[in-house]
Amino acid sequence: MGFFEMTKTALKTVMSRPATILYPYQPAKKTGLTRGHVAYDGSKCISCSICVKKCPSQAILLNKEAKTWQIDRFRCVVCSSCVDTCPSKCLFMDTQYTGPAVEKSVEVFAITYVKPAKPEKKDEPNQ
Amino acid sequence: MTKQIIVPFGPQHPVLPEPIHLDLVLEDERVVDVIPSIGYIHRGFEKLVEKREFTEYVYVAERTCGICSFIHGMTYCVGVEQIMNIEVPERADYLRTIWSEYSRLHSHLLWLGLFADSFGFENLFMNAWRIRERILDVFEQTTGGRVIQGTCKIGGVRRDIANEKLAEMSSNLDSIRKEIEDLTNVFLHDDTVRHRTRNVGVLSREDAYHLGAVGPTGRGSGVAIDLRKTGYAAYGKLNFSMVTDSCGDAYSRCLVRCKELFSSIDLIQQAIRKIPDGPIEVKVTGAPNGEFFCRAEQPRGELVHYIKGNGTKFLVRSRIRTPTLSNIPSLIKMLQGCELADVPVIVLSIDPCISCTER
Ligand code: SF4
Ligand code: SF4
C-alpha cells in the first residue's frame, strides 16, 4: 500500500526539466546582493585603516608608507564588514566569485588618493 | 559468552558529512556498547573571542555552524543586547524570526535528504535537496549569502527586505508547501522508509529527559520543550503549536521534523503578515559589561550562548553549547542494543552537526 508513494514524485521528476544547470556553460545564479568578492578603489581610500580593524579574519593590511592596501583572498570570509564600515565608500562587494588558485597569494593595490588641497585661508582675524 | 569485537565507525564514513568517531562494541551483529570520541575539528572559538571586538565576533559566532548559521549569529547578538540593555526595533525582530525559520526549513530539508541517503534512498535524497535549493535562493536574494547569511548585527539587522519581496516570498511558500507535502508523504507513508525507521533507535521519554535530549530528538520521545515558546525575537507574537510524538524511534524524530516544516512555513507567513514598518537597527555605543546566558531553539534543539564582558571591546568569555553535544548521550543510549546495519540510520536520526559541537 505504501509502496507507490514515491512513484508519483519519481515520475514527476523524470518528466520535468533538470533542477541543475550546466555550469560553467550556463552562468551560475546571481542576485544583486550576492557576496562574491571585495573590490577596492584606491583613488578614494583615505588610509584610515578602519577596514583593517573591522575585519574579523585579519585579511586586510594597510601600509601607509608604501601607500598600498592589500587583501588576502584566502583569509577573507566575505562578510562585508569592511564594506559597511569604510567611511569613504571605496570598498564594494562584487557579485563575482574569485576563481580557484593553485598558490597562496595576496592582492596588492596602490593607494592613489590625493588629499584635496585645503582652501587657503585669506585673512586670519588675529594677525 | 559471545566474543566481543570492536568496529570503528567514522570519523570518515559515507553517511557522515562531518567527523565523529564511534567505537562500536559488537556481539555478533548486535551493538552492546558505544564509545564516542569527538574533537577532530576543534577551532578554538573560545580563545578567539578575546582577540576580536564584540561587534566583529558576530561573524565568527555565525560560522560556528554551516546550516543554522543565522541562529548562532542571532543568539550571540541577543545575548550582547541583553547585557547592554539594547531594545531592538520590532521590524528587526520580525526579520530575525523570518530568517530563523528559513534556516529551520533549510536545515530540516537538508536533514531529510541525508536521512533518506542513510538508508539508501537516493531519489528521495535528491528530491529533498531540490526543494532546499529554493530556500537557499531566498537566502541569497535577501541576504547575499546562501549558507552564511551575515545579516544579524548587534542592535538589529544589516539588511531590510522590501515589503514587495516579503509578499513574493509568502506566495512562493505556498508552492513550496505543496512540494513539501509530496515529499513528507513519502517519508511518512512509504513502506521502505517505515521499514527502516520504525522501532529503530528507541529512546524512552524518561531516558530522553534524563539524558538531556533536546529539539526534535527530545520531542520525538515526547519531551515537550521548544524554546521558541519562550518568545524571544518575535516568536511571542506569533501563533504556533509545538510538535511532539510519543514513540521515540527514528520514525518519530522524522515525523516531528516533517511536521515542523509546515509550522515553520506558517510562522514565516504569519510574520510576513504582521511585520511592522520602521527602522531595522539602533545605534550601539559602549561595550558589554556583565554576563548573559542566552538560549534559542535551533533546528536541532536548544542552543546556549554564554557571554561575559568586562566593559572593554573584547569579551572575556563566550561559551557555546550546541544541541548535538547534548544529544550525544541520548545517541549512545539509542545505539545500545541495535543492529550494526541500523547504526547509520540511528546516528543520522539525531541530526548530528559535529562541527557545531566542536566550536
Ligand atoms: S569581507 Fe570581511 S573578511 Fe573579507 S576583507 Fe572585508 S571584513 Fe575582512
Ligand atoms: S579602504 Fe576604506 S576603511 Fe580601509 S583604509 Fe581605505 S578608506 Fe579606510
Side-chain angles (χ1 to χ4, degrees), chain A residues 1-21 23 26-39 49-60 74-87 91-98, chain B residues 48-49 51-63 69 73 116 121-124 126-134 136-151 153 158-159 161 165 179 181-195 281 313:
Chain A
M1 137 248 170
F3 192 66
F4 294 105
E5 297 298 340
M6 190 61 198
T7 325
K8 197 178 127 209
T9 316
L11 278 179
K12 223 196 260 169
T13 6
V14 170
M15 300 300 175
S16 55
R17 281 192 302 140
T20 48
I21 56 164
Y23 183 80
Q26 258 171 294
K29 284 179 282 185
K30 287 272 149 53
T31 70
L33 288 176
T34 303
R35 299 196 303 268
H37 73 272
V38 180
S49 81
I50 287 180
C51 55
V52 180
K53 286 195 208 98
K54 292 288 176 185
C55 175
S57 59
Q58 299 177 330
I60 304 175
F74 290 91
R75 291 196 73 113
C76 173
V77 293
V78 210
C79 63
S80 145
S81 164
C82 53
V83 178
D84 286 7
T85 46
C86 173
L91 292 173
F92 314 92
M93 196 42 87
D94 195 303
T95 56
Q96 199 64 38
Y97 299 123
T98 42
Chain B
L48 191 62
V49 76
K51 306 272 187 237
R52 297 286 181 276
E53 287 180 24
F54 73 98
T55 42
E56 270 70 71
Y57 192 73
V58 184
Y59 307 115
V60 180
E62 206 171 7
R63 281 163 175 79
S69 46
F121 207 151
E122 296 289 329
N123 196 339
L124 199 52
M126 290 294 177
N127 272 299
W129 281 40
R130 188 168 44 92
I131 306 174
R132 166 178 172 261
E133 192 61 28
R134 298 185 61 182
L136 292 186
D137 283 348
V138 174
F139 269 137
E140 187 167 0
Q141 286 155 10
T142 55
T143 68
R146 289 161 60 80
V147 173
I148 303 284
Q149 284 78 36
T151 41
K153 70 179 213 174
R158 287 165 81 198
R159 293 204 197 294
I161 310 180
K165 179 73 197 161
E179 289 191 25
E181 265 163 19
D182 284 345
L183 180 84
T184 51
N185 199 16
V186 181
F187 271 101
L188 301 180
H189 302 296
D190 192 279
D191 280 348
T192 331
V193 182
R194 206 179 258 269
H195 181 68
E281 54 170 315
K313 279 186 173 169

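Letters go in sequence order (proteins before strands), and every chain restarts at 1.
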So what's closer than 4.5 Å to chain A heavy atoms on [X]: side chain, backbone, both or neither?
X        : value
B:Leu188 : neither
B:Asn123 : both
B:Thr55  : side chain

A:Ser16-A:Thr13 side chain donor-acceptor pair, cut-off 3.5 Å:
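A:Ser16 vs A:Thr13: no donor-acceptor pair found between side chains.
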For chain A, which of B:Glu179, B:Arg159, B:Glu53 has the most heavy-atom pairs under 4.5 Å?
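The option with the most such pairs is B:Arg159.
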Just so I understand: if I count every heavy-atom pair under 4.5 Å between each of B:Lys153, B:Gln141, B:Arg130, B:Glu62 and chain A, which residue has the most?
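The residue among B:Lys153, B:Gln141, B:Arg130, B:Glu62 with the greatest pair count is B:Gln141.
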Might you point out which heavy atoms bring [X] and [Y] nearest each other, and give the distance in Å?
X        : Y        : result
B:Arg158 : B:Tyr59  : NH1-CE2, 3.2 Å
B:Thr142 : B:Lys165 : CG2-CE, 4.2 Å
A:Ile21  : A:Ala28  : CD1-CA, 3.9 Å

What option among A:Ala19, A:Gly32, A:Ser80 has the most heavy-atom pairs under 4.5 Å with chain B?
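Most heavy-atom pairs within the cutoff with chain B belong to A:Ser80.
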Between A:Lys53, A:Lys12, A:Gln58, which has the largest tally of heavy atom pairs under 4.5 Å with chain B?
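Of the options given, most contacts go to A:Gln58.
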Which residue pairs pass the salt bridge (Lys or Arg N to Asp or Glu O under 4.0 Å) test when at least one of the two sits in residues 138-151 of chain B, sequence neighbours left out?
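Only B:Glu133-B:Arg146, B:Asp137-B:Arg146, B:Glu140-B:Arg146 qualify under salt bridge (Lys or Arg N to Asp or Glu O under 4.0 Å).
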Tell me every residue that passes ring-ring contact (aromatic ring centres under 6.0 Å, His included) with B:Tyr57, counting only those two or more places apart in sequence or in another chain.
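Partners of B:Tyr57 under the ring-ring contact (aromatic ring centres under 6.0 Å, His included) test: B:Tyr76.
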